[in-house]
Amino acid sequence: MSRLYTLLRNQFCKLQHGGSHNFSSEDVAPNVEAPNVEFHPLGHWSIPVAHVDDALAVVHEDPSLTDIYAIAVGKTFLEKKDLVIAVGKWHMQRQVEYTVSRSSKSRLTVICKQNETCPFKLVASSKGGLWMVTKLEDNHTCRLDLTRNAPRKLSSRVIADLFRKRILDVGSILKPRAMIAEILREYGIEVGYSVALRARNLAIEMVYGSHDQSFAVLPAYLEILKRFNPDTVYDLETDSDDRFMYTFVALGVCRAAFSICMRPVIAIDGTHLKGKTKGILFVAVTKDGNEQCFPLAIGVGPIENDAAWTWFMERFKRAFGDRDDLVIVSDQHVSIKNAVKAVFPTAVRRLCYYHIVKNLIRAGHHVISMFKSAAFAYREEKFLKYLSMISSSRKEVYNTLLSIGVHRWARSQCPSRRYSFMTSNAAECFNAHLLWARRLPICSLIEVVRDVIEKWFDERRAKTVLRDHILIEFAYTKLYRQVEMSHQYGVRCHNAHLYKVQKNDKSFLVDLHMRTCECGEFQLDQIPCSYAAAAIRSAVHDIYDYVDLYFKQVTLCLAYHDRVRSVPSQDKWTVSSSFKVCPSKSVPQASRPKEGRYRSAGEGSSTRSRRQQVCSRCGGTSHNRKKCTAPQQIEHSQSEALGEGQRRPKRCSICREPGHSKDKCPNRVQPQI
């Protein structure tokens with residue numbers, strides 16, 4: 001029995017050791033043990049610390065002792081905190097208040113709050129490194145109206161132990177309000193918001209470990225991640241005090257797929273982390289030929305500024321290179337603009353259409369509709385038409401769009417192909433998918449990203465194997481619509497490659513050799529438009545040959561051919577370095593943490609504009625009648641009757657005649673005595 005206790009204690013109680021300085025994926029050497037720090041990135045990746053009641057249930061012969069709420073003489077706990085949690089849960093179920101009369105390193109005594117009249121008493125002592133209940137007088141004779149209220153010992157740690165299994169549900173967001181409502185519904189106990197918030201953070205720490213422990217094993221985790229996923233590139237930078245500054249991770253399978261199978265367009269974005277140390281999560285994503293989000297790289301930094309974005313873009317260039325005709329789509333953040341200009345001088349930076357729309361929300365829906373038509377237009381004539389309509393409707397909006405630069409948001413004015421990347425929605429969707437994981441420690445966050453990529457690779461690989469067609473689903477659906485429309489057009493052949501396609505009173509020239517059309521859609525999307533489909537049918541060519549290779553099924557199969565490998569449990573790690581990285585300094589927030597999204601630069605305060613305040617006296621804005629400083633306006637006849645500096649005479653509130661008040665009014669009814 002003592003051997004089992006020793007074995008269990010060695011499994012759950014580990015020591016913490018240290019580390020060193022800067023670290024990257026190029027410094028790898030085998031067969032050095034990792035720092036032995038307790039760490040729980042994911043439940044399936046490393047076994048989380050099991051509750052002591054579950055771990056020792058096999059020790060007791062009495063089956064009633066396996067109940068997590070049962071307390072009996074002889075029940076054993078690994079640590080004192082497990083005993084305190086069990087006592088709190090036991091009394092919470094009974095809705096009885098208790099108090100601790102004695103607490104030391106070797107003894108714990110719990111009595112009823114009404115100890116003068118109630119004989120209840122629980123005594124536990126430490127024996128051989130374990131805590132055991134040695135005495136229990138379970139006989140509450142206290143008054144119910146004095147004890148059956150919200151137990152004062154229902155601490156945040158007890159609540160965290162109740163909800164720790166809920167944290168293991170990947171993708172779930174545990175909110176304090178929901179925790180308060182569930183405790184009130186299940187146990188009839190009201191708890192405060194601050195207690196529930198601390199309980200949520202403690203539950204995350206119980207499952208995934210603390211932020212300090214996660215930073216300590218970060219160098220070892222990154223090295224193991226590269227070892228099990230070849231060609232993975234990572235970088236870790238610390239300051240002179242070994243405090244964390246930046247980290248960058250790009251999996252090898254994502255690097256290989258982007259260089260061969262993905263279009264040269266990426267979307268980058270940054271989002272705030274919600275954990276103890278805060279920080280910014282930088283992401284770079286693209287879309288495969290089937291219009292599915294494809295993560296490329298992530299990074300973590302302390303703040304979103306020029307230095308952080310430049311550091312991230314430099315590591316991205318080192319991992320993925322500088323492709324020809326590279327297009328980078330982002331919001332209007334100034335730091336992104338400066339970083340792209342410094343690191344990718346030949347790349348084309350384009351703005352997200354949706355973020356610009358947010359700036360025009362007060363211009364009216366008709367202006368937004370015209371802007372959308374101008375931004376998505378394929379032909380320059382159509383673009384100029386809607387731009388002139390905006391100029392005649394709202395001149396200030398027209399000037400704003402010109403100051404931004406029409407080549408940054410208009411599809412027809414972009415010198416490079418941006419395909420369907422009119423927004424940075426791919427990066428925004430990936431950030432939204434990681435909403436629940438942004439509260440986790442840094443190693444757990446990276447492991448969640450790796451797990452998401454592994455899941456997407458497995459699901460999409462299975463779908464591509466089952467599909468037996470030359471084109472992927474997105475390209476086939478779009479091409480099918482174009483072919484259906486092409487049956488209404490007339491075609492005239494000029495030579496072997498040049499065709500004139502007639503649609504009502506419009507005609508467009510299609511060059512099959514150069515794969516261009518005067519409508520602009522064929523050369524920008526690299527999928528035949530309806531006019532090109534009519535010309536290809538007239539030339540008796542295979543229309544699939546004119547679809548870009550990015551939209552072929554073989555390319556999609558090649559992109560998801562490799563498999564993302566999982567990281568083993570920490571006890572199997574053997575790494576080359578054992579230095580410790582300390583978390584970055586963070587100032588605790590005085591008020592309640594902000595839960596909502598931080599809006600980007602120029603996005604506006606809200607999609608629904610507030611009602612503007614108007615003064616009812618002078619008609620001005622930004623003040624009301626009481627604070628109005630404008631002179632009071634009176635009628636012309638009254639102004640002539642009153643001399644300069646004279647005031648309007650007071651009127652009686654009963655007869656409305658001037659010269660007296662209501663107290664001296666002759667029409668006033670005198671009270672009866």
Side-chain angles (χ1 to χ4, degrees), residues 231 251-267 284-296 319-329 346-348 350 378 411 414-422 426 456-457 459-483 486 497 499 510-517 519-537 539-563:
D231 297 328
L251 295 179
V253 293
C254 300
R255 296 178 59 208
F258 180 73
S259 60
I260 301 175
C261 309
M262 300 295 162
R263 292 164 287 180
V265 185
I266 63 173
V285 303
T286 185
K287 291 191 291 186
D288 59 16
N290 210 19
E291 293 294 301
Q292 300 175 121
C293 178
F294 190 91
L296 297 176
F320 295 90
D322 191 358
R323 294 182 59 177
D324 297 334
D325 299 331
L326 179 64
V327 178
I328 301 176
V329 183
T346 60
V348 179
R350 294 297 171 258
Y378 286 97
R411 173 185 282 168
C414 182
S416 301
R417 297 192 191 99
R418 60 186 298 176
Y419 296 90
S420 60
F421 289 78
M422 294 301 297
W456 287 354
F457 264 66
E459 292 177 352
R460 297 169 186 177
R461 187 189 308 111
K463 290 182 179 180
T464 55
V465 171
L466 296 177
R467 182 173 176 81
D468 186 14
H469 199 277
I470 297 177
L471 301 182
I472 60 178
E473 185 178 357
F474 168 77
Y476 177 79
T477 303
K478 184 174 182 178
L479 187 62
Y480 180 82
R481 292 196 302 264
Q482 305 289 10
V483 172
S486 66
H497 304 293
Y499 293 83
V510 178
D511 191 339
L512 297 182
H513 178 69
M514 299 301 297
R515 297 191 178 188
T516 61
C517 178
C519 72
E521 186 174 353
F522 190 11
Q523 56 266 32
L524 291 180
D525 288 348
Q526 294 295 291
I527 296 177
C529 60
S530 59
Y531 308 104
I536 294 171
R537 186 180 66 253
V540 196
H541 292 171
D542 188 357
I543 195 173
Y544 294 155
D545 295 338
Y546 292 89
V547 180
D548 197 278
L549 190 61
Y550 292 123
F551 304 102
K552 299 293 182 64
Q553 189 69 22
V554 62
T555 305
L556 197 64
C557 292
L558 183 61
Y560 297 104
H561 173 71
D562 296 329
R563 187 172 66 89

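Heads up: numbering here begins at 1 and tracks the sequence. Note: hydrogens, waters and symmetry copies are ignored here, and every other heavy atom, side chains too, is used.
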Measure the spacing between [atom1] of [X] and [atom2] of [Y] and express it to the nearest 0.5 Å.
X      : Y      : atom1 : atom2 : value
Gln526 : Arg417 : CD    : CZ    : 3.5 Å
Ser420 : Ile527 : OG    : CD1   : 8.5 Å
Ile472 : Cys557 : CD1   : SG    : 10.5 Å
Trp456 : Gln292 : CH2   : CD    : 9.5 Å
Arg255 : Asp562 : CZ    : CG    : 12.5 Å
Leu326 : Thr346 : CG    : OG1   : 7.5 Å

Just so I know, are the side chains of [X] and [Y] near enough to count as touching, which here means a heavy-atom distance under 4.5 Å?
X      : Y      : answer
Leu479 : Phe551 : no
Val510 : Leu512 : yes
Ile536 : Tyr499 : no
Arg515 : Phe522 : yes
Gln523 : Met514 : no
Val547 : Lys552 : yes
Met262 : Asp288 : yes
Arg323 : Phe258 : yes

Please find the pair of heavy atoms, one from [X] and one from [Y], that lie closest to each other, and give the distance.
X      : Y      : value
Ala426 : Cys293 : O-SG, 3.6 Å
Tyr378 : Cys519 : CB-O, 3.2 Å
Pro295 : Val285 : CA-CG1, 3.8 Å
Pro528 : Gln482 : O-CG, 3.5 Å
Pro264 : Asp324 : CB-O, 3.9 Å

(request) Taking atom types as modelled, find out whether Tyr476 and His469 have a side-chain donor-acceptor pair closer than 3.5 angstrom. (result)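 His469 and Tyr476 do not have a side-chain donor-acceptor pair below 3.5 Å.
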(message) Quick test of your reading of the model: are Asp525 and Lys478 salt-bridged, counting only N-O distances below 4.0 Å?
(response)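 Looking at Lys478 together with Asp525, the answer is yes, because their closest N to O distance falls below 4.0 Å.
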(request) Before giving the answer on side chain to side chain contact (heavy atoms under 4.5 Å, CB included), spell out for Ile470 and Gln553 the whole-Å C-alpha distance, their side-chain angles and the decisive distance to 0.1 Å. (result) CA-CA 5 Å; Ile470 297 177; Gln553 189 69 22; 6.0 Å; no
(request) Answer yes or no: are there more than 12 heavy-atom neighbours, outside Asp542 itself, under 6.0 Å from its atom CG? (result)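 Enclosed: over 12 neighbouring heavy atoms sit under 6.0 Å from CG of Asp542.
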(request) State whether the number of non-hydrogen atoms from other residues, nucleotides or ligands found under 6.0 Å of Glu291 atom CD is greater than 12. (result) yes
(request) Could you tell me how the ring of His541 sits relative to the ring of Tyr546: parallel (under 30°), tilted (30 to 60°) or perpendicular (over 60°)? (result)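 His541 and Tyr546: parallel rings.
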(request) Determine, for Tyr550 and Arg263, whether the Lys NZ or Arg CZ falls below 6.0 Å from the six-membered ring centre while staying within 45 degrees of the axis. (result)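 No.
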(request) Mark yes or no for whether Ser416, through its side chain, and Asp325, through its backbone, hold a donor-acceptor pair below 3.5 Å. (result) no
(message) Could you check whether any side-chain N or O of Ser530 sits under 3.5 Å from a backbone N or O of Ser486, counting only pairs where one atom can act as donor and the other as acceptor?
(response)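 Judged by distance alone, no pair lies under 3.5 Å.
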